[in-house]
Amino acid sequence: MVKLYHAFYTRPAIDVARDLVGAILVRRFRGRTLRARIVETEAYVGPHDLASHASKGRTARTDVMFGPPGRAYVYLIYGMYEMLNVVTSVEGDPQAVLIRAGEPLDGWDADLSGPGKLARAMKISRALNGADLTGDALSFAPNSGARPRLVAGTRVGVDYAGDWKHELLRFMDADSRAVSKPRPKVEPAGRRSP
DNA sequence: GCGTCGATGGCA
DNA sequence: GCCATCGACGCG
């Protein structure tokens with residue numbers, strides 16, 4: 001299967017975030033392969049982005065974000081959920097894309113409609129923090145089907161981020177039902193219940 | 001359908 | 001003390 005390589009990740013997080021919607025996440029775990037079609041992402045665009053962990057500076061946790069692109073940044077949140085991110089841009093410029101939701105492939109039945117649920121179901125934990133995404137355990141394959149109809153929204157759970165909370169840096173496949181819970185407040189044009 | 005709340009641990 | 005979350009629960 002075709003794999004995305006370093007050139008794909010060596011770009012601004014906003015571009016990578018948009019291009020990852022529709023791409024395939026491939027996880028190899030104990031001899032099995034789990035695949036999912038990504039339907040929702042968020043971009044964290046640099047140290048000046050107050051919603052980004054990198055705005056706190058380089059620490060033990062955020063160290064991977066400051067390293068080379070094309071690696072996984074996985075952290076624990078709320079004491080029980082792991083979040084999968086992809087490091088982008090160039091070394092020294094901490095940008096990343098959060099993988100928020102996906103649809104299981106190959107007849108696999110799973111609920112991947114949220115970043116915590118996706119990571120748990122795909123056996124992604126902090127053990128993969130820093131993992132090279134061109135490697136065997138975790139990788140992405142390009143979108144091979146029709147390009148998804150993209151919609152943008154504000155990022156979830158970043159009310160503390162000042163003006164940055166209003167930025168439209170969340171990208172979703174408008175036609176997927178697996179998009180995570182806080183749905184964008186978008187009314188379909190020309191239709192309303194009586 | 002929507003608002004509220006608690007779980008649970010690492011981090012600054 | 002705060003989280004880039006989730007599921008359970010109460011409501012009417």
Side-chain angles (χ1 to χ4, degrees), chain A residues 9 12-18 20-21 25 36 38-67 69 71-89 93-104 109-131 133 138 140 151-173 176-188 191-194:
Chain A
Y9 303 106
I14 187 162
D15 295 337
V16 176
R18 296 175 62 97
L20 279 179
V21 176
L25 173 59
I38 305 302
V39 301
E40 179 181 353
T41 61
E42 281 176 5
Y44 291 83
V45 299
H48 56 294
D49 176 359
L50 296 181
S52 174
H53 292 168
S55 68
K56 304 284 193 185
R58 188 169 189 161
T59 69
R61 180 176 66 159
T62 64
D63 194 59
V64 195
M65 288 186 84
F66 289 80
R71 303 231 257 232
Y73 168 47
V74 186
Y75 65 90
L76 180 76
I77 190 69
Y78 301 120
M80 57 186 96
Y81 298 106
E82 322 255 359
M83 299 282 142
L84 169 64
N85 296 253
V86 169
V87 177
T88 82
S89 187
D93 179 31
Q95 300 199 31
V97 174
L98 170 65
I99 309 300
R100 283 196 60 87
E103 295 170 347
D109 184 24
D111 179 6
L112 310 177
S113 63
K117 290 189 281 190
L118 180 144
R120 189 185 42 192
M122 299 198 75
K123 313 297 182 192
I124 292 162
S125 74
R126 283 165 291 168
L128 287 171
N129 189 42
L133 296 173
L138 194 61
F140 289 86
V151 286
T154 57
R155 294 173 292 181
V156 179
V158 296
D159 285 350
Y160 58 85
D163 289 338
W164 283 92
K165 75 178 177 187
H166 305 299
E167 294 291 319
L168 300 177
L169 293 171
R170 179 189 182 199
F171 301 100
M172 292 152 282
D173 178 345
S176 175
R177 300 163 319 196
V179 163
S180 70
K181 225 33 185 304
R183 303 282 165 105
K185 307 286 192 212
V186 175
E187 290 283 347
R191 189 166 294 274
R192 185 135 318 191
S193 356

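Below, read A as the first sequence line, B as the second, and so on, with proteins coming before strands; counting in each chain starts at 1. In what follows, every heavy atom counts, from backbone to side chain, and hydrogens, waters and symmetry copies are set aside.
Checking C:dT5, C:dA4, C:dG7 against every side-chain atom of A:R120, the shortest atom distance belongs to C:dG7.
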Under the side chain to side chain contact (heavy atoms under 4.5 Å, CB included) criterion, do A:V158 and A:W164 qualify, and how do the steps go? CA-CA 8 Å; A:V158 296; A:W164 283 92; over 6 Å; no

Determine, stepwise, if the pair A:L112 / A:E103 fulfils side chain to side chain contact (heavy atoms under 4.5 Å, CB included). CA-CA 6 Å; A:L112 310 177; A:E103 295 170 347; 5.9 Å; no

With side chain to side chain contact (heavy atoms under 4.5 Å, CB included) as the criterion, how do A:K56 and A:R61 come out once you've worked through the C-alpha distance, each side chain's angles and the decisive distance to 0.1 Å? CA-CA 10 Å; A:K56 304 284 193 185; A:R61 180 176 66 159; 5.7 Å; no

Intermediate values then yes/no, side chain to side chain contact (heavy atoms under 4.5 Å, CB included), A:D93 and A:T88: CA-CA 8 Å; A:D93 179 31; A:T88 82; over 6 Å; no

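Contact of the A:I124 side chain with the A:I99 side chain is not registered, since no non-hydrogen atoms from C-beta on lie closer than 4.5 Å. You'll find the side chain of A:T41 stays beyond 4.5 Å of the side chain of A:V86, heavy atoms only.
Evaluation of the side-chain contact (heavy atoms from CB on, under 4.5 Å) rule for A:A96 yields A:M65, A:N85 as partners, not counting sequence neighbours.
With A:Y44 as the partner, the side chain to side chain contact (heavy atoms under 4.5 Å, CB included) test is satisfied by one option alone out of A:P94, A:S52, A:S55: A:S52.
Every pair passing salt bridge (charged side-chain N to carboxylate O under 4.0 Å, His left out) that includes a residue from residues 153-167 of chain A is listed here, sequence neighbours excluded: A:D49-A:R155.
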If you restrict it to nitrogen or oxygen atoms, what contacts under 3.5 Å exist between nucleotides 10-12 of chain B and the protein, and what is each distance?
from   : atom 1 : to    : atom 2 : distance (Å)
B:dA12 : OP1    : A:T59 : OG1    : 2.6

Can you give me the N/O atom pairs linking the protein to nucleotides 6-8 of chain B at distances under 3.5 Å, or say none if there are none?
from  : atom 1 : to    : atom 2 : distance (Å)
B:dT8 : O2     : A:Y78 : O      : 2.3

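One atom, CE of A:M172, and another, P of C:dA4, lie 18 Å apart when rounded to the nearest Å. When rounded to the nearest whole Å, the span between NZ of A:K181 and P of B:dG3 equals 12 Å. Between A:L50 atom CG and C:dC3 atom P there is a gap of 12 Å when expressed in whole angstrom units.
A distance-only check finds a donor-acceptor pair linking the side chain of A:E82 to the backbone of A:R126 [under 3.5 Å]. A donor-acceptor contact shorter than 3.5 Å is absent between the side chain of A:E40 and the backbone of A:R100. Although no hydrogens or angles enter the test, the distance criterion places no donor-acceptor pair under 3.5 Å between the side chain of A:S113 and the main chain of A:R177.
Atom name C1', nucleotides C:dG7 and B:dG10: the rounded distance is 22 Å, in whole Å.
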For DNA chain C, what is the dot-bracket line, given that a base pair needs Watson-Crick (N1 to N3, plus N6-O4 or O6-N4) or G-U wobble (N1-O2 and O6-N3) geometry with both distances under 3.5 Å, and | means paired with another strand? |||.|||||||.

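The minimum heavy-atom distance between A:G102 and A:A178, with the atom names listed, is O-CB, 3.5 Å.
Near DNA chain C, meaning a heavy atom under 4.0 Å away, the residues from residues 155-165 of chain A are A:V156, A:G157, A:V158, A:Y160.
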